[in-house]
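In this chain, numbering begins with 1 at the start of the sequence shown. These figures come from a predicted structure and were not determined experimentally.
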Amino acid sequence: GSVTGTQDFVGGIVGSSEGTSRTIDNCSNSGSVKGANYVGGIDGRPYAGNLTISNCSNTGTVTATGNYAAGIVGRTDVALVTLISCESKGSITAKYAGIYVGLNTTSETTGYVIYDSCSTTLTGNAIGYDSVLKAGIALDKFVYTSSN
């Protein structure tokens, strides 16, 4: 189904996950997801700890009326986020739109995105805006890769 929020941190599966260690596995979203900022097809804002999103897909339209939206995660926030075998095929609309992550606000000292075996067939930015690198990260230049 469709999810519409008027605030930040809206997601197709969860709005904002938090905890020491958690996993979102084998989920799919095909409904439209809309919010103000930090909108994700799967998770709007993983906060703190470690989050693994594996075998998940988004085919729904993801829209932020503000700045950041993505097919999988709207915003990373002091969390280590690992994406494994994820797909993002829905339309994404925001000032900073990312295929996988809208805004990465973390670094290797506080947390970052690890990308492993996700689809790279789409064109566009994997990360809409990276606050450390001060730019979007294109799929073919994705710098956070699996350490395995």
Side-chain angles (χ1 to χ4, degrees), residues 1-106 110-132 135-140 142-146:
S2 296
V3 178
T4 300
T6 58
Q7 302 285 325
D8 296 344
F9 314 127
V10 178
I13 302 298
V14 61
S16 180
S17 65
E18 185 172 353
T20 304
S21 184
R22 60 219 181 268
T23 299
I24 300 173
D25 187 39
N26 289 315
C27 290
S28 64
N29 175 59
S30 59
S32 63
V33 182
K34 183 177 181 180
N37 291 292
Y38 321 118
V39 182
I42 303 298
D43 191 337
R45 175 199 184 202
Y47 181 78
N50 298 320
L51 170 65
T52 298
I53 300 176
S54 59
N55 305 303
C56 292
S57 67
N58 176 67
T59 57
T61 299
V62 180
T63 304
T65 57
N67 291 320
Y68 308 100
I72 305 297
V73 175
R75 173 184 178 175
T76 61
D77 196 351
V78 296
L80 169 61
V81 178
T82 302
L83 305 178
I84 301 171
S85 299
C86 291
E87 280 189 318
S88 174
K89 294 184 176 181
S91 173
I92 303 158
T93 304
K95 181 176 180 180
Y96 300 103
I99 294 169
Y100 293 103
V101 177
L103 171 65
N104 182 44
T105 61
T106 60
T110 59
Y112 52 99
V113 178
I114 295 175
Y115 163 94
D116 188 15
S117 303
C118 296
S119 173
T120 58
T121 58
L122 301 176
T123 58
N125 285 335
I127 297 175
Y129 186 83
D130 185 287
S131 66
V132 175
I137 307 299
L139 279 169
D140 63 346
F142 201 60
V143 295
Y144 308 103
T145 57
S146 174

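Considering only residues two or more places apart in sequence or on other chains, Y47 meets the ring-ring contact (aromatic ring centres under 6.0 Å, His included) condition with none of them. For A64, the side-chain contact (heavy atoms from CB on, under 4.5 Å) partners two or more places apart in sequence, or in a different chain, are V39, A69, A94. Applying the side-chain hydrogen bond (donor to acceptor under 3.5 Å, both in side chains) rule to S54 yields the partners D25; only residues at least two apart in sequence or on another chain are considered. Residues satisfying the side-chain contact (heavy atoms from CB on, under 4.5 Å) test with S85, not counting sequence neighbours, are N55, S117. Scanning for side-chain hydrogen bond (donor to acceptor under 3.5 Å, both in side chains) contacts around S2 gives S32, with sequence neighbours left out.
Within the structure, the ring-ring contact (aromatic ring centres under 6.0 Å, His included) test picks out no pair touching residues 12-31 (sequence neighbours left out). Residue pairs that meet the salt bridge (Lys or Arg N to Asp or Glu O under 4.0 Å) test with at least one member in residues 13-23, sequence neighbours left out, do not exist here. Contacts classified as salt bridge (Lys or Arg N to Asp or Glu O under 4.0 Å) and involving residues 1-15 (residues at least two apart or in different chains) are not found. Sorted by first and then second residue, the pairs that involve residues 29-51 and meet salt bridge (Lys or Arg N to Asp or Glu O under 4.0 Å), not counting sequence neighbours, are R45-D77. Within the structure, the ring-ring contact (aromatic ring centres under 6.0 Å, His included) test picks out no pair touching residues 11-36 (sequence neighbours left out). Under the side chain to side chain donor-acceptor pair (under 3.5 Å) criterion, no residue pair touches residues 59-74, with sequence neighbours excluded. Pairs passing the ring-ring contact (aromatic ring centres under 6.0 Å, His included) check and including a residue from residues 72-95, sequence neighbours excluded, do not occur.
Residues I84 and T82 share a closest heavy-atom pair of CG1-CG2, 3.7 Å. For S17 against L51, the heavy-atom pair with the smallest separation is OG-CD2, 3.9 Å. Here the closest heavy-atom approach between residue A70 and residue G102 is recorded as CB-N, 3.1 Å.
How far CD1 of I92 is from OH of Y100: 9.5 Å, rounded to the nearest 0.5 Å. Rounded to the nearest 0.5 angstrom, I42 CD1 and N29 CG are separated by 5.5 Å. The distance from the CD atom of E87 to the CG atom of N58 is 10.5 Å, given to the nearest 0.5 Å. Note: T52 OG1 to I24 CD1 = 9.5 Å, rounded to the nearest 0.5 Å.
Side chain to side chain, S21 and N50 fail the donor-acceptor criterion of an N or O pair below 3.5 Å.
Side chain of S28 to backbone of C56: no donor-acceptor contact under 3.5 angstrom is found. No donor-acceptor pair under 3.5 Å is formed between the side chain of S30 and the backbone N or O of G60. The backbone N or O of I99 lies less than 3.5 Å from a partner atom in the side chain of S88, making a donor-acceptor pair.
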